[in-house]
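First the proteins, then the strands, lettered A, B, ... as listed; each starts at 1. Side chains included, hydrogens not; waters and symmetry mates left out as well; all remaining heavy atoms used.
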Protein chains: 2
Amino acid sequence: MTKFVYAFNEGNKDMRNLLGGKGANLAEMTSMKLPVPQGFIVTTEACNEYYQNGETISREIETQIFQKLEELELATGKKFGDPEKPLLVSVRSGARTSMPGMMDSILNLGLNDQVVLSFSKNIENERFIYDSYRRLIQMFADVVKGYPRSLFEQALEQKKQQKNVTLDVELTTEDMKEIVTIFKKIYQDLAHTEFPQEPKTQLLEAVGAVFRSWNNERANVYRKMNGIPHDWGTAVNIQEMVYGNLGENSGTGVAFTRNPSTGENKLYGEYLMNAQGEDVVAGIRTPESIETLKTLMPNVYQEFEQIAHNLENHYKDIQDMEFTIENGKLYILQTRNGKRTTKAAVKIAVDLVREGMISKQEAILRVEPEGLDQLLHPTFSEESLKSAKIITKGLAASPGAATGKLYFSAEDVSVHSQECPTILARLETSPEDIQGMNDAKGVLTVRGGMTSHAAVVARGMGRCCVSGCSELTIDEATKTIKTKEGLILKEGDYISLDGSTGTVYEGKLETVAPEISGDFETFMSWADEFRKLGVRTNADTPKDAKEARNFGAEGIGLCRTEHMFFSEERIFRVRQMITAETLEQREQALEQILPMQRGDFEKLFETMDGLTVTIRYLDPPLHEFLPHTEEEMKELATSLNMTFESLKTRVNSLKEFNPMMGHRGCRLAITYPEIARMQTKAVIEAAINVTKKGIKAKPEIMIPLIGDENELRYIKNIVNDVATELIQKSGVPIHYEVGTMIELPRACLIADKIAEQATFFSFGTNDLTQLSYGFSRDDAGKFLNDYYDKKIFADDPFAKIDQNGVGELVKIAIQKGKQIRPDIHLGICGEHGGEPSSVEFCHQIGLTYVSCSPYRVPIARLSAAQASIREKANK
Amino acid sequence: MTKFVYAFNEGNKDMRNLLGGKGANLAEMTSMKLPVPQGFIVTTEACNEYYQNGETISREIETQIFQKLEELELATGKKFGDPEKPLLVSVRSGARTSMPGMMDSILNLGLNDQVVLSFSKNIENERFIYDSYRRLIQMFADVVKGYPRSLFEQALEQKKQQKNVTLDVELTTEDMKEIVTIFKKIYQDLAHTEFPQEPKTQLLEAVGAVFRSWNNERANVYRKMNGIPHDWGTAVNIQEMVYGNLGENSGTGVAFTRNPSTGENKLYGEYLMNAQGEDVVAGIRTPESIETLKTLMPNVYQEFEQIAHNLENHYKDIQDMEFTIENGKLYILQTRNGKRTTKAAVKIAVDLVREGMISKQEAILRVEPEGLDQLLHPTFSEESLKSAKIITKGLAASPGAATGKLYFSAEDVSVHSQECPTILARLETSPEDIQGMNDAKGVLTVRGGMTSHAAVVARGMGRCCVSGCSELTIDEATKTIKTKEGLILKEGDYISLDGSTGTVYEGKLETVAPEISGDFETFMSWADEFRKLGVRTNADTPKDAKEARNFGAEGIGLCRTEHMFFSEERIFRVRQMITAETLEQREQALEQILPMQRGDFEKLFETMDGLTVTIRYLDPPLHEFLPHTEEEMKELATSLNMTFESLKTRVNSLKEFNPMMGHRGCRLAITYPEIARMQTKAVIEAAINVTKKGIKAKPEIMIPLIGDENELRYIKNIVNDVATELIQKSGVPIHYEVGTMIELPRACLIADKIAEQATFFSFGTNDLTQLSYGFSRDDAGKFLNDYYDKKIFADDPFAKIDQNGVGELVKIAIQKGKQIRPDIHLGICGEHGGEPSSVEFCHQIGLTYVSCSPYRVPIARLSAAQASIREKANK
């Protein structure tokens with residue numbers, strides 16, 4: 001015979017699968033002899049049994065419930081339904097994992113006309129009894145029967161209007177009695193039978209309703225979103241009622257053992273005297289800080305403080321507790337591990353280690369990596385958020401908070417950013433906008449996903465960005481944005497972006513600068529002790545590189561050389577190079593670019609002294625660099641001795657239908673080997689120059705978009721020829737490696753052949769994701785929303801690596817690559833390199849390092865440490 | 001001790017790996033007692049030994065050569081270097097496989113000053129001896145020493161000018177003597193030593209030179225292009241010289257045992273009396289038909305006819321022979337299997353079976369599948385090609401020959417194609433051009449590769465197309481084409497396209513209609529006996545379907561429903577559907593499209609009665625259907641009750657950066673399930689309607705671009721819901737299948753999950769190739785030329801399936817698909833389905849069928865038969 005019902009004193013905290021989280025903790029506290037109102041738990045297995053039994057509570061379960069009810073009656077000396085000493089209970093849901101607000105509760109079960117009548121005579125507070133009764137009717141009608149809650153609320157509202165009062169508490173005992181009569185009438189009209197007077201009927205119906213609430217729509221959606229299996233089921237907690245609203249000697253509150261916002265080791269919470277839990281939440285009266293309870297009820301406070309301390313010691317983590325004081329007696333109604341800000345999480349984890357409560361490994365697992373972002377970026381002040389008006393929600397493309405005046409072109413941003421903070425708004429950014437993105441406080445785009453140009457570049461810069469605001473209509477010509485509601489924002493209007501949530505606000509909000517405490521450094525150093533995966537950064541400028549090194553990057557895993565080409569003095573030369581019609585013209589232009597690029601590399605080598613710098617050769621389609629305006633075209637034509645018309649023809653001939661799959665990557669170096677020659681010169685000469693100054697340069701030359709071993713062989717020959725000559729001529733020994741990005745599906749399948757040429761692979765999972773799914777990252781944003789709405793996709797594959805498809809390709813490539821070159825270095829430099837679940841995957845499949853944008857370096861370090869610790873734990 | 005040298009009588013035809021093709025056949029003919037000038041062969045192993053030995057002929061090989069030389073002297077009764085009875089020999093290369101013109105030969109070895117002097121006294125023709133000697137010097141200088149041939153040619157030219165003659169034959173004996181003196185002087189100036197007088201030195205040097213010619217650049221390129229391994233090496237044939245230019249009783253010629261152009265079973269060839277082989281080739285005199293030899297030298301003719309007959313019987317294939325008549329005596333210098341047109345190949349293969357010479361299997365292997373195209377399409381007459389001027393070469397995108405007036409828009413073509421043949425020239429075609437492509441005789445595009453829109457559609461229609469003519473500059477505004485040489489072609493000018501070779505000609509050429517003989521049908525029926533792979537067709541119209549069925553298609557493997565949307569009356573409704581902003585508007589438009597599409601399907605089912613019709617749901621990005629002109633937009637806006645401006649905004653919002661990876665395929669049906677509902681209605685209602693008429697409809701519904709099993713599940717539910725309701729309502733039992741295209745790399749990797757939903761897979765290897773390589777088919781043409789030039793790619797992966805990469809993905813998908821559904825149907829509907837090596841691959845990996853454009857159906861049938869026969873032979 002299965003045991004379906006457990007008294008609180010029959011369970012413990014490790015039984016959460018069976019008893020649910022809330023129930024297991026109530027049982028644990030009972031065994032700790034804490035003042036918990038007694039009760040019992042109907043198990044999650046009973047819930048599953050309920051569904052298998054056609055949504056009926058079996059005779060067996062019913063019997064066990066009533067048996068435990070009897071035991072509870074004995075323990076409390078009260079009786080369920082007894083007019084003299086009535087036992088009143090609450091019925092609450094409680095799944096394995098907290099699903100806040102998703103399921104239902106019913107309070108005050110056990111009241112009926114007779115109990116109310118006699119009970120109200122026994123205790124002083126008659127109004128309270130009737131109020132409790134009308135709440136029971138209302139909740140029962142809503143939760144058990146599914147009747148519209150609004151009917152009851154309207155009736156209450158009418159009564160208040162009739163009595164000319166605004167608050168419930170202003171209604172008298174007589175009013176409450178009348179309301180009970182009205183509510184019973186409403187119930188009867190709907191149910192065609194009277195409100196059940198038999199307490200046991202009430203109880204069984206309530207338990208069934210809680211079981212059913214496991215399967216309501218919002219709970220289903222929540223489970224799907226959070227990956228909670230459907231067959232876990234919910235437990236039901238039946239507990240004696242205690243009341244904080246019995247008078248000035250009663251009260252209720254919530255408290256954390258430490259400050260959940262800062263992590264400070266000090267009781268933190270609030271309470272209201274003469275109130276119920278829902279009053280604290282409703283915000284009708286302002287709750288008092290828990291500190292004031294010390295003077296108000298010193299004994300209760302001391303007892304609570306002791307309990308809090310015990311609970312934290314017991315659970316070895318910050319506790320979030322609910323308590324009630326009934327006529328001066330303290331009851332603990334719930335405890336659970338407290339949610340906390342990342343700042344608090346780091347401090348608490350470090351403190352708990354110092355207090356000897358947990359190990360470093362446990363501390364590392366206590367902090368959500370994704371949250372570290374909060375510690376590195378500005379945020380909006382809570383004060384300013386209170387009155388902020390949300391315009392739209394886009395994608396949280398690059399974290400941080402930014403407020404500024406709206407401009408619609410990179411040039412306008414650059415002009416105005418001297419005088420005021422600016423926000424760059426574009427349909428979608430292009431590489432030409434880089435200077436403007438750098439000058440702006442934040443970037444907003446209407447199109448594009450998590451790995452669109454705007455998102456990738458903004459993350460790289462640590463610039464706040466909200467992308468894919470598809471509800472907005474942007475008109476770059478008239479310089480306006482129109483919201484879905486028809487609000488028009490003009491150039492120069494203030495707007496605020498939260499890149500951590502994707503929220504866009506109207507007007508100017510106050511930002512708060514990040515504060516990084518010493519605990520953060522300590523914590524990260526512990527993470528480094530445990531991780532095996534290296535962490536490099538994607539950085540194109542010495543500024544980014546320096547920032548990333550400060551955040552703990554161990555090298556540059558991706559330097560996108562094309563990003564160096566967009567500054568004003570350079571783009572002209574680049575355009576000359578692209579549009580040149582003869583080799584000679586192209587080489588002349590390259591000759592001009594060489595010293596600039598060499599200078600960039602020298603600065604990067606200096607910044608990363610002693611660490612690897614992985615330099616990716618020119619990658620994007622050349623037409624990204626093309627001139628747009630007539631003026632630019634004319635100037636260029638003159639410099640190239642071309643007519644305007646023939647330049648225009650040339651420019652048009654470079655346009656492509658699908659540039660992402662066009663003339664880019666290594667294909668450029670195959671058509672124009674002189675580009676690879678120039679870039680090799682720049683890398684090797686820079687390395688020679690800084691080496692002479694005592695700097696240790698470790699260049700890795702990375703050839704992008706390789707799909708066939710012959711491509712790599714061809715370019716590698718060029719690289720080696722140029723490099724060997726320069727090194728021999730200089731007499732300075734430079735060690736460099738030549739490897740490749742693996743970002744085409746085909747490259748994964750022939751990785752063995754590629755490995756014969758390459759000493760390292762760096763997985764470009766952005767392109768690999770694009771091509772595996774056939775999703776253009778710039779276009780997919782539009783239809784992926786339908787995929788989420790229709791539950792076809794749970795996650796954005798550009799944000800979290802798709803382990804089944806893309807991950808499988810990566811695994812194939814690793815296996816084939818190692819077959820030929822067992823010591824091959826394996827990295828990832830796609831955007832996934834800074835996303836926790838993807839980093840864990842990278843650890844599991846045996847990569848050497850991940851590379852991510854500077855601001856994600858700490859996230860990657862922590863994720864790697866957690867992956868390593870979890871792997872050991874699972875062995 | 002390895003045997004490096006074989007006398008002709010020591011070998012046979014099966015020793016071609018060791019003796020080379022030419023040598024093995026000379027040996028074989030010797031053993032057949034045919035009149036072959038005697039000689040010996042230095043083996044291919046000796047060639048490899050030569051390279052391993054630092055390009056030196058080892059003492060061992062030298063000894064063996066001179067030993068065989070002695071035997072040859074004994075056999076001929078002549079002596080190498082002897083002034084009285086000198087043995088003269090030729091030295092010719094001969095690899096396993098014929099590499100025509102790639103390597104070198106030297107004739108007349110054994111001549112020196114002394115031999116010439118005494119020899120010329122012994123025979124009548126003194127001039128001939130000196131002419132032979134100067135040729136030896138010239139060839140030796142060129143082939144052995146690598147001196148510029150032009151120096152000798154200039155000297156000869158000077159002599160002719162000096163003597164005021166134009167032809168070599170007009171030079172006298174004295175002139176030739178002087179030329180010998182001059183040539184020796186040139187040689188000595190270059191070599192700083194005199195021309196080698198020792199015949200054995202000449203011989204060894206010549207053998208070494210032939211070995212080295214194996215490694216010259218053109219031979220290397222040829223091998224790379226034809227996949228001939230470098231380590232095969234070449235053999236060297238040393239053979240006694242015979243002369244066809246000793247007088248009117250001598251001659252030389254080439255002949256085929258059957259007509260290589262028509263296959264007619266009759267000796268076919270030509271000869272010249274008093275001439276050497278090179279004179280026949282040089283075309284100075286017009287050779288005589290072999291028939292005239294019958295009267296001129298009846299005995300020789302009869303002997304030759306008998307030999308030809310014997311050789312054909314012996315080799316069991318048409319022979320291509322070289323012969324020389326020296327003073328009335330016939331010598332056979334070479335025989336090999338004759339190259340032939342496809343028309344001849346088919347007839348010969350069928351005849352040989354009928355004559356009992358070869359089996360049906362052998363016959364099937366004798367015909368190159370690719371060549372069958374020639375039998376189905378018109379060609380240019382040989383006459384008109386003689387004076388044709390080539391403008392440019394593009395890609396041979398769709399075979400056939402077409403001549404017509406040039407027009408630059410589909411509309412112009414449609415208007416003028418009533419009056420005259422037309423050619424449509426476009427930068428690149430789009431789906432809107434379909435009517436024009438259909439009306440034109442041929443299509444020319446400047447951009448786009450072998451699987452660009454133009455190429456795919458043209459092949460589907462059997463319309464001649466040359467794509468990717470990147471040397472041409474097209475100006476669609478002024479309606480002109482400019483060639484690289486600056487020639488301007490205007491609207492209405494005649495132009496001619498050869499879609500089988502990619503050649504574009506100026507002006508009007510005469511076309512010749514195809515003649516299909518009964519042999520072709522016989523031959524194809526034999527192929528069908530042996531093949532295991534099914535062959536379906538890609539057809540969108542009843543006309544195409546009918547044609548394909550005539551060509552032997554066993555079903556439709558791909559019906560692209562979007563191609564049905566472009567006719568004038570429909571596109572308007574489609575545009576309404578796309579641009580509709582509400583579901584209601586979209587459903588109204590779909591309601592209008594439904595009867596049209598249903599009608600199409602009814603006709604297809606009727607045409608394919610009893611055969612499967614695989615219908616792919618809407619696939620291309622919607623913006624392909626968008627209106628372009630203001631006029632179209634205005635009309636559309638009115639019909640949709642939208643302002644022009646808001647329609648324009650909507651149209652712009654549908655444009656994509658990379659449409660190939662954008663909102664297309666199943667993604668459309670996920671955003672707009674109403675499209676899938678309409679298409680299902682059309683398919684099922686059509687099937688019901690024709691079934692009532694006694695037609696057997698076998699629809700397979702194919703969902704394109706599936707990358708995740710949830711996509712297919714979502715759409716399949718829609719299909720099944722609609723279909724089940726219609727079938728139940730009608731009471732007509734319709735069996736339909738739901739499957740998917742596998743065309744995304746990710747689909748291959750999760751094919752097991754997809755197979756749970758799909759009863760068939762059809763591999764869309766066009767998209768799979770695009771995405772595996774990251775090559776946009778519309779853009780790759782531009783840079784792939786560099787890939788071929790630089791030997792990075794040997795083949796166009798859009799033409800021949802890439803077995804290592806794309807093929808590997810297909811194999812993974814098959815393995816995973818069969819794991820879940822062992823009886824899953826597997827097809828291919830990419831363009832590769834009609835390419836022989838790809839069809840063989842499809843057979844090998846176990847596909848159920850291939851599907852290709854109607855005109856490639858016979859090619860696929862033959863390729864499949866060959867694959868099956870070869871597989872059995874290799875077992």
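Between A/Phe783 atom CZ and B/His663 atom NE2 the span is 6.5 Å, to the nearest 0.5 Å. Note that CG of A/Asp789 is 11.5 Å distant from CD1 of B/Ile670, once rounded to the nearest 0.5 Å. Between the OG1 atom of B/Thr473 and the CG atom of A/Asn652 there is a distance of 12.0 Å, given to the nearest 0.5 Å. Remark: A/Tyr787 OH to B/Asp708 CG distance equals 8.0 Å, nearest 0.5 Å.
Side chain of A/Asn658 to backbone of B/Met660: a donor-acceptor contact under 3.5 angstrom is found. Of the possible polar contacts, none joining the A/Asp778 side chain to the B/Phe657 backbone as a donor-acceptor pair under 3.5 Å is found.
Residue A/Lys790 places its NZ atom among more than 12 non-hydrogen atoms of other residues, nucleotides or ligands, all under 6.0 Å distant. Within a 6.0 Å sphere centred on NZ of B/Lys816, other residues, nucleotides and ligands contribute more than 12 heavy atoms.
Only the side chain of A/Ile812 comes within less than 4.5 Å of a heavy atom of chain B; its backbone N, CA, C and O stay farther away. Contact annotation for B/Ile474: neither backbone nor side-chain heavy atoms come within less than 4.5 Å of a heavy atom of chain A. Residue contact with chain B, scored on non-hydrogen atoms closer than 4.5 Å, is absent for A/Ile706. Using a 4.5 Å cut-off between heavy atoms, B/Ile792 touches chain A through backbone and side chain atoms alike. Contact of B/Asp752 with chain A is not made at all, since no heavy-atom distance falls under 4.5 Å. Contacts between B/Asp475 and chain A at a heavy-atom distance below 4.5 Å are absent for every atom of the residue. Residue contact with chain A, scored on non-hydrogen atoms closer than 4.5 Å, involves the side chain of B/Glu428 exclusively.
In plain terms, the two heavy atoms of A/Pro745 and B/Pro745 that are nearest each other are CG-CG, 3.8 Å. Here the closest non-hydrogen pair linking B/Arg667 and A/Gly774 is NH1-O, 2.8 Å. Across all their heavy atoms, A/Asn804 and B/Leu749 have their closest contact at O-CB, 4.3 Å. Nearest heavy atoms, B/Ser653 versus A/Arg447: CA-NH2, 4.2 Å. Nearest heavy-atom pair, B/Lys782 versus A/Glu656, reported as atom, atom and distance to 0.1 Å: NZ-CG, 4.2 Å.
With contacts defined as side-chain heavy-atom distances shorter than 4.5 Å, the pair B/Arg746/A/Val806 does not qualify. Looking only at side-chain heavy atoms (C-beta outward), A/Met661 and B/Phe775 stay at 4.5 Å or farther from each other.
Ranked by non-hydrogen atom pairs under 4.5 Å with chain A, the options B/Leu771, B/Thr769, B/Val446, B/Asp786 are led by B/Leu771. Interface check for chain B: of the options A/Gly805, A/Ser470, A/Ser776, the most heavy-atom pairs under 4.5 Å are formed by A/Ser776. For the set B/Leu705, B/Ile750, B/Leu809, the entry with the most heavy-atom pairs within less than 4.5 Å of chain A is B/Leu809. Chosen from B/Leu784, B/Leu427, B/Thr671, B/Asn785, the residue pairing most often with chain A at heavy-atom distances under 4.5 Å is B/Thr671.
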Trace of the side-chain contact (heavy atoms from CB on, under 4.5 Å) decision for B/Tyr773 with A/Leu744: CA-CA 6 Å; B/Tyr773 279 96; A/Leu744 300 176; 5.5 Å; no
